[in-house]
There are 2 protein chains.
Amino acid sequence: MSRRTRSRIALKRRARAPLFAALGDDTRLSLVAKLCRGKPRSISQLTRGSKLTRQAITKHLRVLESAGVVRSVRSGRESLFEFHPEPIGELKKYLDLVSEQWDQALSRLKSFVER
Amino acid sequence: MSRRTRSRIALKRRARAPLFAALGDDTRLSLVAKLCRGKPRSISQLTRGSKLTRQAITKHLRVLESAGVVRSVRSGRESLFEFHPEPIGELKKYLDLVSEQWDQALSRLKSFVER
DNA sequence: TCGTTAAGCAACCTCCAGGTTGCAGATTAC
DNA sequence: GTAATCTGCAACCTGGAGGTTGCTTAACGA
C-alpha cells in the first residue's frame, strides 16, 4: 500500500471515531433501532416507554444528529426525528476496509510461511 | 416482525454498544488499524510514534481486548497484541440488519402512499 | 552478574458524558 | 381565552474515561 493511500485511510479513520462513539451507548442504539424501522417520531414519543427524562433523550438525539445518523425537522410544536442511513453505510465500508486489510495480512503471512 | 424476533434483536443490540464504544476513540481506531494490517505487536512497539504514555496505550489495548477486537499473548517479557476479526464481522451483520429494516420501512411507506 | 528493556500495579488528577430539575416560550386543543 | 402539551435553555451533580507519574517485578543481552 502506498503512503498516500494509507494517509487517506487515516483521514477517514479520524472521521469515523465520533460515529462509532455515537453508537456506543445502549440508549442511543435503542433510539436508532426505533427510528430505522419506521416513520419520524417526536421527542415525547421517543421518551414514552423509557426510564429516562425527556431531556436525557433529547441529549442523546442531539448526539445522534451531530453524527448524522438522525435528522430533525421542526413541525409545529414538536420536532420530529428521522433515521438517516448514509453514515451507517460509510461505517460498513470502513469495517469492510478493516476486514480486507486483515485478509491481506493473513495471505501475506501465509505466503511468507510457505516460502 | 414477531415480538420474539424483536426482543432477540434488542438482545443483540445490548451486546453491540460496548463494541461500538470501544471503536469510538481515535487512539483505539488507530491501534486497530495498525494491528489489522500486520503481525502481532508488543505494547512498546505500539507506543512508539504515539504521543501518549505506554500506560495510556495499555489501557486502550485492554479496552479493545475486553471488546474482543484484539487478543493478547504473553511472550517472554513482552505481551503481544493481535487483531481478532470476529467482532468486526458481527458489527457488520448488525449494521446490515439496521439498513435492512430501514429499507423495509421505506418500502412499507411507499406502498402505503401508492395505495 | 549487572544493566537495560518490557510490562504490571496503584494512586492520583481532570474533564466531560450522562443524567436531573426548574423554568420559560410556542403551539395546539377545547 | 385558557389550559394542556411539546420543546428549548441553563444550572447543576456525579461517576468514570482518559491520562499521568512512580515504583516494582520479570526477562533478556553482554
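Throughout, protein chains are lettered first and strands after them, A, B, ... in sequence-line order, and every chain is numbered starting at 1.
Computed from coordinates, the A/Ile57 CD1 to D/dT7 P distance equals 12 Å when rounded to whole Å. D/dA17 atom C1' lies 16 Å from atom CG of B/Leu61, rounded to whole Å. Counting to the nearest Å, the P atom of C/dG18 and the NE2 atom of A/His60 are 6 Å from each other. A/Arg54 places its CZ atom 13 Å from the P atom of D/dT5, with the value rounded to the nearest Å. At whole-Å resolution of the value, CG in A/Leu31 and P in C/dG18 are 12 Å apart. When rounded to the nearest whole Å, the span between CD of A/Glu78 and P of C/dA29 equals 10 Å. Following rounding to the nearest Å, B/Leu52 (CG) and D/dA17 (P) show an atom-to-atom distance of 17 Å. Atom CD of A/Glu65 and atom C1' of D/dT7 are 14 Å apart (whole Å).
In this structure, B/Lys34 and B/Arg41 approach most closely via the heavy-atom pair O-NE, 4.0 Å. The minimum heavy-atom distance linking B/His84 with B/Gly68 is given by the pair ND1-O, 3.4 Å. When every heavy atom of A/Trp102 is checked against every heavy atom of B/Pro85, the shortest pair comes out as NE1-CG, 3.5 Å.
Residue A/Ser42 places no side-chain N or O under 4.0 Å from the OP1 or OP2 atom of D/dC6. Side-chain nitrogen and oxygen atoms of A/Arg48 include none within less than 4.0 Å of the OP1 or OP2 phosphate oxygen of D/dT5. For the pair A/Ser44 and D/dT7, the criterion of a side-chain N or O lying under 4.0 Å from OP1 or OP2 is met. Taking only side-chain nitrogens and oxygens, B/Arg62 comes nearer than 4.0 Å to OP1 or OP2 of C/dG8.
B/Arg41 comes within contact range of no nucleotide atom at all, as no heavy-atom separation falls under 4.0 Å. Among the protein residues, B/Thr53 comes within range of the nucleic acid bases, having at least one heavy atom under 4.0 Å from a base atom.
Checked by atom type and distance alone, the side chain of B/Arg28 never pairs as donor or acceptor with a backbone atom of B/Leu23 at under 3.5 Å. Between the A/Ser75 side chain and the A/Glu78 main chain, no donor and acceptor come within less than 3.5 Å of each other.
Judged by atom type and distance alone, A/Gln55 does not reach the base of C/dG18 through any side-chain donor-acceptor pair under 3.5 Å. Between the side chain of A/Arg77 and the base of D/dT5, at least one donor-acceptor pair of N or O atoms lies under 3.5 Å. Side chain B/Arg74 to base C/dA7: no donor-acceptor pair is found below 3.5 Å. Between the side chain of B/Arg28 and the base of D/dG18, no donor-acceptor pair of N or O atoms lies under 3.5 Å.
Listed nucleotides D/dG19, C/dG18, C/dG8 differ in distance to B/Lys59; the shortest reach to its side chain belongs to D/dG19.
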